[in-house]
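By convention in this document, chain letters (A, B, ...) are assigned in the order of the sequence lines, proteins followed by strands, and residues within each chain are numbered from 1.
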There are 2 protein chains.
Amino acid sequence: MSTERRSTRQRAALIEALGTSLRFRSAQEIHADLRDAGSPIGLATVYRNLQNLAADGEVDQVRAEDGEVRYRACGSGHHHHHLVCRGCGRTIELTAPDVERWSEALGAEHGFTNVQHTLEVTGTCARCS
Amino acid sequence: MSTERRSTRQRAALIEALGTSLRFRSAQEIHADLRDAGSPIGLATVYRNLQNLAADGEVDQVRAEDGEVRYRACGSGHHHHHLVCRGCGRTIELTAPDVERWSEALGAEHGFTNVQHTLEVTGTCARCS
DNA sequence: GCGTTAGTGATAATCGTTTTCATGTTACTC
DNA sequence: GAGTAACATGAAAACGATTATCACTAACGC
């Protein structure tokens, strides 16, 4: 997966910006933050690099309810899900082995192969309510 | 929920078009189908009515991987999930009581209130593989 | 029928994202 | 170091789904 990528200033800045945040953020948000932080970078470059990083499994992406894609550096390279606060965006990583097994079994039961699933949990965290 | 809606030819045609399909379809797809079927209807009207129907709980909407929203008339008015074929779009409704309970408990455990979740399963059905 | 009011639809506007393409950088070789 | 091929960048334009606008039409209650 980890196709070889050249190391550029922009890519490094992006990775750093991702590393310091625990929230899921949109490409536009990240772009603005980088600009504000004094790292001039093109919007297209942000999009491209985020896609690369996602393809290489170095960041997670989720699609918000409004259709926007949000990104976040995730600890484990393993498959996992998220519990995201709708207020502040605070995110807790989850593993759900039962769900994994359940969806597998379910696919098989209906003759489906190559089964994947998406599962995201949202709520209002203690601080925000 | 079911805000009172006036009955118009366009709304009726839309509901009928939805009723005859088992697949999730995009607003654009449905619009094209209606046009082809000889039911002139504006694209904006399709969008508006689909949103109304979704708000009234008469159709389900899911967001595809490319960000497009797809609609489908669903049998039960109850909360449920879907197993969707990535090839032909054939859809099977699922209930997952374990997942419901799991996400509830999880939210509580982390101090989250008003917990919701999205869960969609995709795969390749027997016919398509 | 009549008036009120929601619904319609062609079109323009929005907005996130992708593409284009000329230019700048990187990694590699000699 | 200099040369260079391939990749990366970024400003601007293109794209595509969706939403807003607004003049016009049709439902509904009387």
For this session: Check the distance between dA10(C)'s P and Leu43(B)'s CG and give it to me in whole angstrom.
Result: 10 Å
Exercise. What integer distance in Å separates Glu29(A):CD from dC15(C):C1'?
Worked result: 15 Å
Exercise. If we ignore angles and hydrogens, is there a donor and acceptor under 3.5 Å between the side chains of His117(B) and Glu104(B)?
Worked result: no
Exercise. Does dG7(C) have OP1 or OP2 sitting under 4.0 Å from an N or O in the side chain of Thr45(B)?
Worked result: no
Exercise. Side chains of Ser26(A) and Arg70(A): is there a donor and an acceptor less than 3.5 Å apart?
Worked result: no
Exercise. Would you say the side-chain atoms of Gln28(B) and Tyr47(B) include a donor-acceptor pair closer than 3.5 Å?
Worked result: yes
Seminar exercise, completed: Heavy-atom nearest nucleotide on DNA chain D taken for Arg63(B) and for Arg9(A); more 5' hit belongs to Arg9(A)
Problem set entry | side-chain N/O Ser7(A) vs dT26(C) OP1/OP2, d < 4.0 Å | no
Exercise. How close or far is atom P of dA11(D) from atom CD1 of Ile41(A), stated in whole angstroms?
Worked result: 10 Å
Exercise. OP1 or OP2 of dG9(C) sitting under 4.0 Å from any side-chain N/O of Gln10(B)?
Worked result: yes
Problem set entry | Candidate nucleotides dA20(D), dT9(D), dG7(C), ranked by approach to the side chain of Ala44(B) - the nearest | dA20(D)
For this session: Check the distance between dT19(D)'s C1' and Arg48(B)'s CZ and give it to me in whole angstrom.
Result: 10 Å
Exercise. What integer distance in Å separates Gln28(B):CD from dT18(D):C1'?
Worked result: 8 Å
Exercise. Is any side-chain N or O of Tyr47(B) closer than 4.0 Å to OP1 or OP2 of dT18(D)?
Worked result: yes
Seminar exercise, completed: Asn49(B) CG to dT18(D) P, in whole Å, measures 15 Å
Exercise. Would you say Asn52(B) reaches dG7(C)'s phosphate, i.e. side-chain N/O to OP1/OP2 under 4.0 Å?
Worked result: no
Seminar exercise, completed: Whole-Å distance, Asp66(B) CG to dG16(D) P, equals 12 Å
For this session: Say whether His79(A) and Glu100(A), considering side chains only, have a donor N or O and an acceptor N or O under 3.5 Å apart.
Result: yes
Exercise. Got a sec: does the CD of Glu93(A) have more than 12 other heavy atoms crowding it under 6.0 Å?
Worked result: yes
Problem set entry | Whichever of Arg6(B) and Gln51(B) has its nearest DNA chain D nucleotide further upstream toward 5' | Gln51(B)
Seminar exercise, completed: Rounded to whole Å, the CD1-C1' distance (Ile30(B) to dA17(D)) equals 14 Å
